[in-house]
Amino acid sequence: MDIQIKTLAGAEAGSVTLADEIFGLEPREDILQRMVRYQLAKRQQGTHQSLGRAEIARTGAKLYKQKGTGRARHGSARAPQFRGGGKAHGPVSRSHAHDLPKKLRALALKHALSAKAKSGGLIVIDDLTSAEGKTKAVLAQFAGLGLTNALIIGGAQLNENFARSARNIPNIDVLPVQGINVYDILRRQTLVLSKAAVEALEERFK
């Protein structure tokens with residue numbers, strides 16, 4: 001698959017041939033769904049916690065005698081039915097993460113890249129650099145490219161000026177190629193790859 005390379009200024013800078021085994025697959029929604037679910041579950045903090053009856057700081061003495069009062073039998077003020085008692089079956093701190101095979105995770109990334117290529121939401125830029133490091137200048141370049149909602153993937157090392165100037169723009173995410181992931185690709189309308197990112201991805205899946 002051949003695709004035009006552009007500059008940040010919007011000019012053409014040649015073309016690049018994308019590997020069909022990475023960018024030319026027929027996207028499968030089931031694989032993408034499993035990967036997104038895996039990512040969202042893994043990022044949950046799981047710090048929700050309520051106090052059970054064993055953790056409540058109240059007296060352990062019996063409320064009143066067992067017989068003769070005409071009332072129900074109770075043994076502890078920590079029981080859930082009492083005000084100030086423990087929570088019955090409440091949430092506890094735990095990990096929400098679950099396993100997903102490594103090969104399936106790699107395949108999901110290929111399908112996400114292929115989905116963007118197939119829908120026309122893939123742009124390749126020759127170099128992601130900014131001389132001034134000013135958000136206004138980068139915003140004007142994005143407007144020329146038609147980027148309003150995009151994930152931008154650079155090489156192994158991001159240009160510091162470019163990363164700093166783009167991080168304040170709403171709906172624009174900038175990541176090094178090591179941070180590319182299925183969820184961020186799918187949540188943004190356009191995927192922008194640098195030439196270095198394309199080379200790194202093809203090397204990764206070789």
Side-chain angles (χ1 to χ4, degrees), residues 1-25 27 31-32 35-36 38-40 42-43 102-206:
M1 176 192 300
D2 292 333
I3 189 170
Q4 287 288 330
I5 300 176
K6 296 183 179 180
T7 65
L8 282 174
E12 292 187 0
S15 63
V16 64
T17 301
L18 301 179
D20 287 337
E21 60 268 21
I22 302 174
F23 296 92
L25 302 176
I31 292 178
L32 296 176
M35 186 61 194
V36 169
Y38 167 83
Q39 281 189 246
L40 294 182
K42 196 175 181 66
R43 65 192 266 182
K102 188 175 181 179
K103 288 185 178 180
L104 187 63
R105 283 181 270 151
L107 185 61
L109 182 55
K110 292 180 184 179
H111 279 267
L113 294 169
S114 298
K116 284 299 179 190
K118 185 177 181 181
S119 65
L122 177 64
I123 297 176
V124 178
I125 301 291
D126 65 339
D127 195 20
L128 297 173
T129 57
S130 175
E132 300 176 356
K134 297 290 185 182
T135 299
K136 186 176 180 180
V138 172
L139 194 58
Q141 291 175 326
F142 287 173
L145 291 169
L147 300 179
T148 56
N149 189 306
L151 171 65
I152 300 172
I153 303 294
Q157 293 291 330
L158 291 175
N159 178 263
E160 189 175 343
N161 284 344
F162 179 81
R164 188 189 305 116
S165 57
R167 69 186 177 193
N168 291 330
I169 304 175
N171 301 321
I172 298 290
D173 297 327
V174 180
L175 294 173
V177 70
Q178 304 96 305
I180 191 170
N181 64 89
V182 173
Y183 177 68
D184 282 334
I185 290 174
L186 297 181
R187 70 192 287 260
R188 294 300 178 203
Q189 186 177 353
T190 308
L191 174 63
V192 179
L193 298 176
S194 69
K195 251 176 85 174
V198 172
E199 292 169 1
L201 286 170
E202 291 184 346
E203 181 68 26
R204 174 176 171 178
F205 291 118
K206 187 180 290 183

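All residue numbers refer to positions in the sequence shown, counting from 1.
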Just do the side chain to side chain contact (heavy atoms under 4.5 Å, CB included) check on F162 and L8 with the steps written out, would you?
-> CA-CA 11 Å; F162 179 81; L8 282 174; 4.0 Å; yes
Evaluation steps, side chain to side chain contact (heavy atoms under 4.5 Å, CB included), between V138 and I172 = CA-CA 11 Å; V138 172; I172 298 290; over 6 Å; no
Decide yes or no on side chain to side chain contact (heavy atoms under 4.5 Å, CB included) for M1 and D20, but give the supporting numbers first.
-> CA-CA 6 Å; M1 176 192 300; D20 287 337; 3.8 Å; yes
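Interatomic distance, CD1 of I31 versus NE2 of H111, reported as 4.0 Å (0.5 Å rounding). Interatomic distance, L158 CG to T129 OG1, rounded to the nearest 0.5 Å: 11.5 Å. A distance of 12.0 Å separates CG of D126 from NZ of K6, quoted to the nearest 0.5 Å. Once rounded to the nearest 0.5 Å, the distance linking NZ of K110 with CD1 of I22 reads 6.5 Å. The distance from the CG atom of L128 to the OG1 atom of T7 is 11.0 Å, given to the nearest 0.5 Å.
Between F205 and L109 there is a side-chain heavy-atom pair separated by less than 4.5 Å. For the pair V124 and Q4, the minimum side-chain heavy-atom distance is 4.5 Å or more. Counting only heavy atoms from C-beta outward, the side chains of L193 and L201 approach each other to under 4.5 Å. Residues L145 and I125 form a side-chain contact, since some pair of their non-hydrogen atoms from C-beta on lies under 4.5 Å apart. Looking at heavy atoms from C-beta onward, D127 lies out of side-chain contact with K195 at the 4.5 angstrom threshold. Side-chain contact between N181 and L175 is present, with heavy atoms from C-beta onward closer than 4.5 Å. Looking only at side-chain heavy atoms (C-beta outward), F142 and I152 come within less than 4.5 Å of each other. Using a 4.5 Å heavy-atom cutoff, the side chains of I123 and L147 are in contact.
Applying the side chain to side chain donor-acceptor pair (under 3.5 Å) test to residues at least two apart or on different chains, the pairs with a partner in residues 160-169 are E160-R164, N161-R164. Legend: side chain to side chain donor-acceptor pair (under 3.5 Å) pairs involving residues 197-206, not counting sequence neighbours, sorted by first then second residue: E203-K206. Contacts classified as side chain to side chain donor-acceptor pair (under 3.5 Å) and involving residues 133-148 (residues at least two apart or in different chains) are not found.
The two residues A137 and E132 make their nearest non-hydrogen contact at CB-OE1, 3.8 Å. Nearest approach of G155 to Q178, heavy atoms of both residues: O-OE1, 4.0 Å. For D173 against R187, the heavy-atom pair with the smallest separation is OD2-NH1, 3.1 Å. Closest heavy-atom contact between S130 and N159: N-OD1, 3.4 Å. When every heavy atom of Q189 is checked against every heavy atom of K116, the shortest pair comes out as O-NZ, 3.1 Å. The two residues I3 and L122 come nearest to each other via the heavy atoms CD1-O, 3.6 Å.
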